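Please read the structure below before turning to the comments.
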Amino acid sequence: MKEIEIEAGSFRDPAGKIFYHKDKVYRILNDEGKKRFEFLKKNELLKNLVSEKLVVTSNQISPETLELKEVLNKQVLEHDKIDYISYPYEWSFQQLKDAAIHHLDLHLYLLNNNATLIDGSAFNIQFIGHKPIFIDVLSIKEYEDGEYWKAHKQFCESFLNPLILKSKKNIDFNNWFKGNLEGITTKDLNSALSFTDKISYNIFVQVVLLNYLENKTIKDNKIDISKVNKRKFPKKSYISILKNIKSLITNLKVKKDKTLWSDYSKNNTYKIEEENNKKKIVEEFSKKFKFDTLADLGCNDGVYSEICLNNGCKYVVGFDYDLNSINNAFRSSKEKNLNFLPLYFDASNPSPNLGWLQTERKGFLQRAKFSGMLSLAFEHHLTIAKNIPLDQVIEFLTNIAPRGLIEFVPKDDDTIKKMLSLKGDIFKDYNEVNFKNILSKKSKIVSEKKVSTNGRKIFEYSKI
């Protein structure tokens, strides 16, 4: 019988351990996990949560069917697999907001059914396209009369505080969150907010007052836990707090500011005929392979991702550096009900392996296992704008998927002329001949098609 490898990030869960087998997701339950799962089955709570699309589908299976020695005589769950795991520091404001509201809706549903959540981590939410889903069913337990919301601080740091920071100060939370996987502390947020920001009653309570109480706790260091645990906290008050925070989050908005790429699909350098030719190439490529999972690098607001979905591709994950574009793409995905997940992505500094032993949260390269890839008007942003050698850029792109389209942008293009005017032409080997030579060594060039009068070409490659 084969041996299994436990998911590295699963060590924090005291109730069960995640493992993968034959491209499926399983969880071994220990005694505490068994107790919680029995509660979930009681009164069909789990069945109703799945039906309401609040939690990921989870079923108990017979461990013998897996033919794995480590799970024999164990209690095992099978979970629906998420096509692409993403993290809060890769989400736009609207995505984190939707995830927070989903978390609160789940918690409110549970409290009304004699259950509660033991934590408030944003990492327990994943996206299936534009739809958030809660994945850690063992974080649900039976509600005990009079208990407090013990995960309040965690929820604020990983959901509420980043949203307030972006809404009130227009400061993106992504890199801050990536630098601290717990989120943004109330202390840091309180320091960033102005006096006027703090006039709001809800922000005063959730930030200023909470920061004061945290500081007081640290200074006094005289909390009698036994007395705290004896105090009863009415369920009505518990529900009221969740509803107030949900109202606060629902009303948070971002200031509209225009960025260089936020209107790219409407204001690009292509003539109408050229853009239509480019769309036709993408359409034919999608129809030919009908990829299960496709990565769209530099997706902007998702125009080409949508073309792929409309022509046979099952799931598209878009990546872009511009957070306004990601917000627009996510909004479009929701409005059109697309199986499309846009994410924040800095290709010159992709998400690394993070967390305990640098294995808890997987980096982009470890998660990038796509069957198809689009890289349209993208490579020059790495080679010219970021000074990354062309051969390294091509190797990076072709490793993302075994088949793909890569658009080469020549130096005669207006976009590159602008880039070079700022830094000078120090890229002597950046030309089409060298591009083709490198690409042909990394893969097979299936076709090349000119898409603009100034020499832009789309190359289809295959490593199969």
Side-chain angles (χ1 to χ4, degrees), residues 7 20-25 56 79-87 90 126-131 133 135 278-300 302-320 326 329-330 333 336-345 347 350-351 353 362-379 382 393-408 438-449 458-464:
E7 163 64 38
Y20 305 99
H21 179 60
K22 294 183 178 178
D23 207 34
K24 292 185 178 180
V25 184
V56 69
H79 303 296
D80 272 0
K81 187 183 178 188
I82 306 297
D83 285 320
Y84 186 83
I85 296 294
S86 62
Y87 300 128
E90 297 168 330
Q126 283 298 322
F127 280 90
I128 301 172
H130 58 84
K131 299 171 185 175
I133 193 80
I135 62 169
K278 187 173 176 179
K279 289 178 178 178
K280 187 68 176 174
I281 292 169
V282 173
E283 181 183 321
E284 290 171 351
F285 179 66
S286 305
K287 280 181 179 176
K288 183 164 61 170
F289 296 109
K290 296 180 170 57
F291 297 106
D292 287 334
T293 56
L294 182 136
D296 182 0
L297 301 184
C299 67
N300 298 113
V303 170
Y304 295 100
S305 297
E306 186 175 350
I307 290 172
C308 293
L309 289 167
N310 290 338
N311 287 279
C313 294
K314 296 179 181 65
Y315 193 67
V316 178
V317 182
F319 299 92
D320 205 282
I326 294 301
F330 182 67
S333 183
K336 298 175 182 178
N337 195 26
L338 302 175
N339 210 12
F340 170 50
L341 172 63
L343 296 170
Y344 169 71
F345 177 66
S351 299
N353 295 331
K362 293 182 175 66
F364 169 77
L365 293 176
Q366 202 169 340
R367 288 174 286 150
K369 297 173 182 177
F370 297 94
S371 47
M373 188 272 293
L374 298 183
S375 173
L376 305 176
F378 182 79
E379 54 80 26
L382 292 176
V393 171
I394 293 174
E395 182 170 8
F396 170 76
L397 294 176
T398 55
N399 281 341
I400 290 172
R403 298 185 191 274
L405 298 179
I406 302 176
E407 182 175 358
F408 176 76
I438 297 169
L439 183 59
S440 63
K441 289 178 180 177
K442 306 290 182 184
S443 63
K444 175 186 175 184
I445 297 177
V446 178
S447 67
E448 58 178 277
K449 295 175 182 176
I458 292 181
F459 291 82
E460 179 185 335
Y461 75 85
S462 173
K463 298 178 79 172
I464 298 175

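Because the structure is a prediction, the values reported are computed rather than measured.
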Q: In sequence, state the C-alpha distance, the side-chain angles, and the governing distance for K81 and D23, and then conclude on side-chain contact (heavy atoms from CB on, under 4.5 Å).
A: CA-CA 8 Å; K81 187 183 178 188; D23 207 34; 2.3 Å; yes
Q | Nearest-0.5 Å distance that lies between atom OG in S443 and atom CD1 in I406 | A | 7.0 Å
Q | Sub-4.5 Å side-chain heavy-atom contact between D83 and V317 | A | no
Q | Taking every non-hydrogen atom, the tightest pair across F345 and P350 | A | CE1-CB, 3.8 Å
Q) Will you find, in the side chains of N399 and K463, an N or O donor that is under 3.5 Å from an N or O acceptor? A) yes
Q.
Using side-chain heavy atoms (C-beta onward) and a distance below 4.5 Å, is I82 in contact with I133?
A. yes
Q) Within a strict 4.5 Å, meaning less than it, do heavy atoms of the Q126 and I85 side chains meet? A) yes
Q | Interatomic distance, C313 atom SG to I307 atom CD1 [nearest 0.5 angstrom] | A | 11.0 Å
(Q) Measuring only between side-chain heavy atoms, which start at C-beta, is Y20 closer than 4.5 Å to V25? (A) yes
Q) Can you tell me how far the NZ atom of K444 sits from the CZ atom of R403, to the nearest 0.5 Å? A) 9.0 Å
Q.
Checking F291 now: which residues fulfil ring-ring contact (aromatic ring centres under 6.0 Å, His included) with it, not counting sequence neighbours?
A. F285, F289
Compile the donor-acceptor pairs under 3.5 Å between side chains in residues 369-377 and protein atoms, sequence neighbours left out, one pair per line.
from, atom 1, to, atom 2, distance (Å)
S371, OG, D292, N, 3.4
S371, OG, T293, N, 3.2
S371, OG, T293, O, 2.8

Q) When rounded to the nearest 0.5 angstrom, what is the spacing between NZ in K287 and CG in N311? A) 5.0 Å
Q: Please name the pair of heavy atoms, one in G312 and one in K290, separated by the smallest distance, quoted to 0.1 Å.
A: O-CB, 3.4 Å
Q. Taking the side chain as C-beta and beyond, is there a heavy-atom pair between E460 and E284 under 4.5 Å?
A. no
Q. Should H130 and N337 count as side-chain neighbours, where that means a heavy-atom distance under 4.5 Å?
A. yes
Q | Test log, rule side-chain contact (heavy atoms from CB on, under 4.5 Å), inputs F378 and L397 | A | CA-CA 10 Å; F378 182 79; L397 294 176; 4.0 Å; yes
Q) If you measure from CG on L309 to CG on L338, what distance do you get to the nearest 0.5 Å? A) 6.0 Å
Q) Any sub-3.5 Å donor-acceptor pair from R367's side-chain atoms to K362's backbone N or O? A) yes
Q. Between C308 and V316, which heavy-atom pair has the shortest distance, and what is it?
A. CB-CG2, 4.2 Å
**Q.** Check: F319 ring centre within less than 6.0 Å of F364 ring centre
**A.** yes
**Q.** Partner residues of F330 under the ring-ring contact (aromatic ring centres under 6.0 Å, His included) criterion, sequence neighbours left out
**A.** F127
Q. How long is the gap from CG on L405 to CG on D296, to the nearest 0.5 Å?
A. 10.0 Å
Q) Is Y315 close to L341 at the side-chain level, that is, under 4.5 Å between some pair of heavy atoms? A) yes
Q. Does A329 offer a backbone N or O that forms a donor-acceptor pair with the side chain of S333 under 3.5 Å?
A. no
Q: Would you check if the side chain of D320 reaches a backbone N or O of I326 as a donor-acceptor pair within less than 3.5 Å?
A: no
Q) Any side-chain heavy-atom pair from Y84 and L343 closer than 4.5 angstrom? A) yes
Q. Quick one: does Y304's side chain have a donor or acceptor within less than 3.5 Å of a partner on K279's backbone?
A. no
